Amino acid sequence: QVRLVESGGGLVQAGGSLRLSCVAEGRTFGSYIMGWFRQAPGKDRDVVARISWTGSSTYYADSVKGRFTISRDNAKNTMYLQMNSLKLEDTAIYYCAMATRAYQTLQATDAYWGQGTQVTVAS
């Protein structure tokens, strides 16, 4: 059984930084594409960033490019999202996601999810 646990959310001033973590339990972490999604009130859950199983390949949504950095430590079964220069529009619940199949793409419609962590950016 896969379990994903996020941490690191909170309240931050615009322009500030936060680092999210996601610890995975229940399977061989290093074989699965991982990602961060976010959902703001009244909006769909959208991808923020994805990372390949080795960490050598990453993808970012245009809205966070240059500000957010996704990384992973397979030895610790942990994925991170470093968020810098936070904006008001980054306010959302951030979810950790793991692909359901080894070495296959991560899709929102077929993924394991964490419980989410709230990020609130204040002016």
Side-chain angles (χ1 to χ4, degrees):
Q1 183 175 353
V2 177
R3 183 168 180 251
L4 304 175
V5 181
E6 302 101 332
S7 62
L11 174 65
V12 64
Q13 295 292 317
S17 298
L18 282 175
R19 188 193 196 203
L20 306 184
S21 299
C22 171
V23 178
E25 301 173 358
R27 62 169 35 177
T28 305
F29 181 76
S31 301
Y32 296 85
I33 293 175
M34 301 284 295
W36 290 97
F37 290 69
R38 67 185 181 187
Q39 187 167 21
K43 295 189 177 181
D44 293 334
R45 187 178 298 188
D46 294 324
V47 63
V48 174
R50 291 192 299 265
I51 188 166
S52 63
W53 48 89
T54 62
S56 61
S57 178
T58 58
Y59 163 85
Y60 295 95
D62 287 343
S63 58
V64 306
K65 278 181 183 176
R67 299 188 298 121
F68 290 10
T69 302
I70 189 171
S71 61
R72 65 192 295 165
D73 185 339
N74 288 346
K76 296 182 178 179
N77 279 16
T78 303
M79 177 180 65
Y80 305 96
L81 186 68
Q82 178 67 43
M83 304 186 294
N84 298 330
S85 302
L86 283 161
K87 303 177 180 180
L88 298 180
E89 52 264 41
D90 293 319
T91 295
I93 299 175
Y94 283 71
Y95 296 91
C96 167
M98 173 186 276
T100 59
R101 298 177 186 78
Y103 310 114
Q104 298 299 307
T105 190
L106 172 62
Q107 301 180 44
T109 54
D110 184 23
Y112 295 110
W113 296 95
Q115 82 287 353
T117 185
Q118 177 70 49
V119 171
T120 302
V121 183
S123 59

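It should be emphasised that the depicted structure is a prediction, and the values quoted were computed from it without experimental measurement. Below, all heavy atoms of this structure are taken into account, side chains as well, without hydrogens, waters or symmetry copies.
- Y80 and M34 fall into different hydrophobic clusters, where Ile, Leu, Val, Met, Phe, Trp and Tyr residues are linked whenever their side-chain heavy atoms come under 4.5 Å apart, directly or through other members.
- Using modelled atom types, one side-chain atom of N74 and one backbone atom of W53 make a donor-acceptor pair closer than 3.5 Å.
- Applying side chain to side chain contact (heavy atoms under 4.5 Å, CB included) to V64 and the options I70, L81, V48 leaves one that passes, V48.
- By the criterion of side-chain heavy atoms lying less than 4.5 angstrom apart, applied directly or through intervening Ile, Leu, Val, Met, Phe, Trp or Tyr residues, V2 is grouped together with W36 in one hydrophobic cluster.
- In plain terms, the two heavy atoms of A92 and R38 that are nearest each other are CB-CB, 3.9 Å.
- Hydrophobic clustering (ILVMFWY, side-chain heavy atoms < 4.5 Å, transitive): I51 and L20 are in one cluster.
- In terms of modelled atom types and a separation under 3.5 Å, the side chain of R67 and the main chain of S85 share a donor-acceptor contact.
- Between R19 atom CZ and S7 atom OG the span is 9.5 Å, to the nearest 0.5 Å.
- Listed for the D44 side chain is no donor-acceptor partner under 3.5 Å among the backbone atoms of D46.
- When all heavy atoms of K43 and Q39 are compared, the pair lying nearest together is O-NE2, 3.1 Å.
- Contact record, Y60 with A49: CD2-CB, 3.7 Å, taken as the closest heavy-atom pair.
- Formation of a donor-acceptor pair under 3.5 Å by the T78 side chain with backbone atoms of V23 is not found in this model.
- Looking at T54 and R72, their side chains never come closer than 4.5 Å, going by heavy atoms from C-beta outward.
- Residue Y59 comes nearest to V47 through the heavy atom pair CE2-CG1, 4.0 Å, listed as atom of the first residue, atom of the second, then distance.
- To the nearest 0.5 Å, the span separating CE on M83 from OG1 on T69 amounts to 11.0 Å.
- Distance check: L88 CG to Q13 CD gives 9.5 Å after rounding to the nearest 0.5 Å.
- Tracing side-chain contacts under 4.5 Å through hydrophobic residues (I, L, V, M, F, W, Y), one never reaches L106 starting from M79; they form parts of separate clusters.
- Between F37 and W113, the ring planes are perpendicular. Angles over 60° get that label, and only those under 30° would be called parallel.
- Hydrophobic clustering (side-chain heavy atoms under 4.5 Å, transitive across Ile, Leu, Val, Met, Phe, Trp, Tyr) keeps F68 apart from I33.
- In this structure, T100 OG1 and R27 CZ are separated by 7.0 Å, a value rounded to the nearest 0.5 Å.
- Atom OH of residue Y32 and atom CE of residue M98 lie 7.5 Å apart, to the nearest 0.5 angstrom.
- A pairwise comparison of heavy atoms in G9 and V119 identifies CA-CG2, 4.1 Å as the closest pair.
- The CD atom of Q104 sits 11.5 Å away from the OG atom of S31 when rounded to the nearest 0.5 Å.
- For the pair Y94/E6, no side-chain contact is recorded, criterion being any heavy-atom separation below 4.5 Å from C-beta on.
- Residue L11 comes nearest to A122 through the heavy atom pair CD1-CB, 4.0 Å, listed as atom of the first residue, atom of the second, then distance.
- Note on K87 versus D90: no salt bridge recorded, every NZ/NE/NH1/NH2 to OD/OE distance being 4.0 Å or above.
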